[in-house]
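Just below is one structure, and these are the notes that go with it.
Note that the coordinates shown come from a computational prediction; the quantities given were computed from them, not determined experimentally.
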Amino acid sequence: MITHLIKSSVQELTPYQSARKIGGNGTIWLNANEYPTSPNILGLGTLNRYPEPQPDELIRRYARYAGVRPEQVLATRGGDEAIELIIRTFCEPTDSVLYCPPTYGMYAVSSTAFDIRAKTVPLTDDFNLDLPQIQANLDGTKVVFVCSPNNPTGNLLAHDDILALLAMTKDRAIVALDEAYIDFCVDKSFARELDNFDNLIIVRTLSKAFGLAGIRCGFALANSQIISAMQKIIAPYPIPAPTALIATTALSDDGIGQMQTHVKTTLDNKAWLVRELESLPIVKAIYPSSANFILVKFDNQIQSGQAVFDKLWETGIILRNQTTALNLADCIRISIGTQDENQAVIDALKTL
Ligand SMILES: *Cc1c(COP(=O)(O)O)cnc(C)c1O
């Protein structure tokens, strides 16, 4: 049982009983102070009504896509809300979170926003977990955030290291595994381990491979006790009806097929971009990537990473500057764009 790790106030909390949660079999609905008729906007129908708190069909379809059971899925406003909910569900004011830089910035932002102390254990030289240092920092740590494929380095964390981390933290801490980019290498997901590790929470999103960053839809995958606890403190109606409609459509067989086609195209375009970059003298290193971006280190004997970033910025090509991130001097993160966009990056780099 993992429930002892849940923050005590959340364990004791009786969740807000929203009108939709209380339910009923009405033909006349006058219990939620809604306007009785809907404006006709984009043909979307009953926008006057509050949406389902956890849209049934959306949950069922994501569960099927992820290979888990519906009771192991919570829909959230992007993966970022799932990250925030994990901190709010588990961390007492005296608890810490732990994360491993260079990594996604929201673990630091969210823990700071909720006044939860954060410990950092840097990734190793090859951007893997430093398990002995994590072990040495487990006292007082309630949540360990790890990201695989990691943003901004692009690599998958070693499978056996994640297994070792899950075993090391058993009954002591939650492992929040951020799989925002897993759709680009979906056979590497840890979703199938949810039944083996009750301290595992996986963060997912429709913002990356599904191409739907604009609708704000993500998911937490975990055992049903954790999902129930997170449901107690998520906003009463977190998923807007238009978001649920679009996301449910994107998770149809046809929608998933389209996403898989886009993943193939992205991986082909990434291979092309890597080949082109390898032939440029200003490129010092291209790190292995399992995601839809690559981390590139520039040779500061020729041009510093900052200078490369600035010069492309001036030509209207906006990349992600990583030169001040831990151990990433002269590094820039490049998202895989369309083939034309990727070509423009190469052309601009050739003029430097
Ligand atoms: C993009 C991203 C997310 C979540 O993004 P949302 O748009 O909030 O779903 C989470 N983690 C990482 C590492 C990301 O890069």
Side-chain angles (χ1 to χ4, degrees), residues 1-7 10-11 13 15 21 51-90 142-148 159 162-163 165-167 169-183 185-210 216-235 237-239 243-244 247-248 250-253 255-256 259:
M1 268 324 120
I2 201 67
T3 43
H4 73 280
L5 291 180
I6 295 167
K7 183 177 166 179
V10 176
Q11 288 186 37
L13 184 72
K21 264 198 197 149
E52 287 178 86
Q54 286 289 302
D56 217 42
E57 189 60 19
L58 173 62
I59 297 294
R60 266 211 299 271
R61 288 191 185 183
Y62 199 80
R64 198 170 63 129
Y65 168 67
V68 302
R69 294 186 296 283
E71 63 268 25
Q72 294 172 312
V73 180
L74 180 73
T76 58
R77 285 163 290 195
D80 288 335
E81 186 182 39
I83 291 167
E84 204 178 282
L85 277 174
I86 292 168
I87 294 171
R88 290 169 51 212
T89 303
F90 292 96
K142 197 59 129 350
V143 178
V144 179
F145 284 101
V146 291
C147 188
S148 182
H159 184 89
I162 298 176
L163 286 177
L165 177 67
L166 286 163
T169 51
K170 182 176 157 54
D171 297 328
R172 292 181 71 179
I174 295 296
V175 173
L177 175 58
D178 189 337
E179 291 190 341
Y181 298 96
I182 204 69
D183 312 292
C185 49
V186 78
D187 56 320
K188 300 299 197 307
S189 173
F190 266 70
R192 67 177 70 84
E193 299 292 345
L194 284 179
D195 287 332
N196 299 329
F197 297 98
D198 63 2
N199 60 330
L200 172 62
I201 306 178
I202 296 174
V203 174
R204 294 284 195 92
T205 181
L206 299 186
S207 294
K208 306 289 161 53
F210 281 90
R216 311 307 301 133
C217 186
F219 301 91
L221 312 178
N223 75 69
S224 57
Q225 285 123 338
I226 289 180
I227 296 299
S228 302
M230 291 171 79
Q231 261 183 35
K232 283 184 173 184
I233 56 163
I234 197 170
Y237 305 103
I239 309 298
T243 294
T248 304
L251 290 163
S252 63
D253 290 342
I256 290 170
M259 179 275 291

Check your understanding: Passes side-chain contact (heavy atoms from CB on, under 4.5 Å), Leu177 versus Val203? Steps please.
Key -> CA-CA 6 Å; Leu177 175 58; Val203 174; over 6 Å; no

**Study point:** Close side-chain approach of Leu200 and Ile174, heavy atoms under 4.5 Å
**Key:** no

Check your understanding: Quick check: are there more than 12 heavy atoms from other residues, nucleotides or ligands sitting under 6.0 Å from NZ of Lys170?
Key -> no

Practice item. With sequence neighbours excluded, tell me which residues meet ring-ring contact (aromatic ring centres under 6.0 Å, His included) with Tyr65. Key: Tyr62, Phe210

Practice item. Return the set of residues passing side-chain hydrogen bond (donor to acceptor under 3.5 Å, both in side chains) with Thr205 (not counting sequence neighbours), or none when no residue passes. Key: Ser207

Practice item. Mark yes or no for whether His159, through its side chain, and Lys188, through its backbone, hold a donor-acceptor pair below 3.5 Å. Key: no

Exercise for review: For Glu179, enumerate each residue passing the side-chain hydrogen bond (donor to acceptor under 3.5 Å, both in side chains) test, keeping only those at least two apart in sequence or located in another chain.
Suggested key: Ser189, Arg204

Point to revise | Partners meeting salt bridge (Lys or Arg N to Asp or Glu O under 4.0 Å) with Lys208 (sequence neighbours left out) | key: none

Point to revise | For Asn223, side-chain hydrogen bond (donor to acceptor under 3.5 Å, both in side chains) partners two or more places apart | key: none

Review point. How long is the span from the CG atom in Asp187 to the CZ atom in Arg192, to the nearest 0.5 Å?
Key: 7.5 Å

Revision key, fill the gap. Here the gap from Glu193 atom CD to Ile162 atom CD1, rounded to the nearest 0.5 Å, amounts to 10.0 Å

**Study point:** Exercise: identify the closest heavy-atom pair between Leu194 and Gln72
**Key:** CB-NE2, 4.1 Å

**Study point:** Ile202 and Phe219, any side-chain heavy atoms less than 4.5 Å apart
**Key:** no

Practice item. Working to the nearest 0.5 Å, report the span between CD of Gln11 and OG1 of Thr89. Key: 11.0 Å

Review point. What residues form a side-chain contact (heavy atoms from CB on, under 4.5 Å) with Ala247, not counting sequence neighbours?
Key: Leu58, Leu206, Ile215, Cys217

Practice item. For Thr169 and Arg172, indicate whether the former's side chain and the latter's backbone hold a donor-acceptor pair under 3.5 Å. Key: no

**Study point:** Test item: Leu74 and Leu85 side chains (from C-beta on) under 4.5 Å apart, heavy atoms
**Key:** yes

Revision key, fill the gap. Contacts satisfying salt bridge (charged side-chain N to carboxylate O under 4.0 Å, His left out) that involve residues 59-76 (not counting sequence neighbours) are Asp56-Arg60, Glu57-Arg60, Glu57-Arg61, Arg64-Asp253, Arg69-Glu71, Arg69-Asp195

Exercise for review: List in chain and number order the residues that pass side-chain contact (heavy atoms from CB on, under 4.5 Å) with Pro51, two or more places apart in sequence or in another chain; answer none if no residue qualifies.
Suggested key: Tyr237, Ala241

Check your understanding: Mind checking what makes side-chain contact (heavy atoms from CB on, under 4.5 Å) contact with Ala176, not counting sequence neighbours?
Key -> Ile86, Val143, Phe145

Check your understanding: What are the two closest non-hydrogen atoms of Pro238 and Ala235, and how far apart are they?
Key -> CD-O, 3.1 Å

Revision key, fill the gap. Here the gap from Ile182 atom CD1 to Ser148 atom OG, rounded to the nearest 0.5 Å, amounts to 5.5 Å

Check your understanding: What is the distance from atom NZ of Lys7 to atom NZ of Lys142, rounded to the nearest 0.5 Å?
Key -> 9.5 Å

**Study point:** Partners passing side-chain hydrogen bond (donor to acceptor under 3.5 Å, both in side chains) against Arg77 (at least two apart in sequence or in another chain)
**Key:** Glu81

Practice item. Answer whether the closest heavy-atom distance between the side chains of Ser228 and Gln225 falls below 4.5 Å. Key: no

Exercise for review: Check side-chain contact (heavy atoms from CB on, under 4.5 Å) between Ala209 and all other residues, then give those that pass, not counting sequence neighbours.
Suggested key: Asp183, Phe184, Met259, Val263

**Study point:** Distance, nearest 0.5 Å, that separates CG of Asp198 from CD1 of Ile2
**Key:** 4.0 Å

Study note, to complete from the structure: Smallest heavy-atom separation, Ile201 atom then Ala222 atom, equals CG1-CB, 3.9 Å

Check your understanding: Val144 and Val146: side-chain contact (heavy atoms from CB on, under 4.5 Å), yes or no, with the steps?
Key -> CA-CA 6 Å; Val144 179; Val146 291; 4.2 Å; yes

Revision key, fill the gap. With sequence neighbours left out, the residues meeting ring-ring contact (aromatic ring centres under 6.0 Å, His included) with Phe90 are none

Practice item. Might you point out which heavy atoms bring Leu221 and Ala66 nearest each other, and give the distance in Å? Key: CD1-CB, 4.0 Å

Point to revise | Minimum side-chain heavy-atom gap Arg216-Asp80 below 4.5 Å | key: yes

Check your understanding: Do side-chain atoms of Asn199 reach the backbone of Ala173 as a donor and acceptor pair under 3.5 angstrom?
Key -> yes

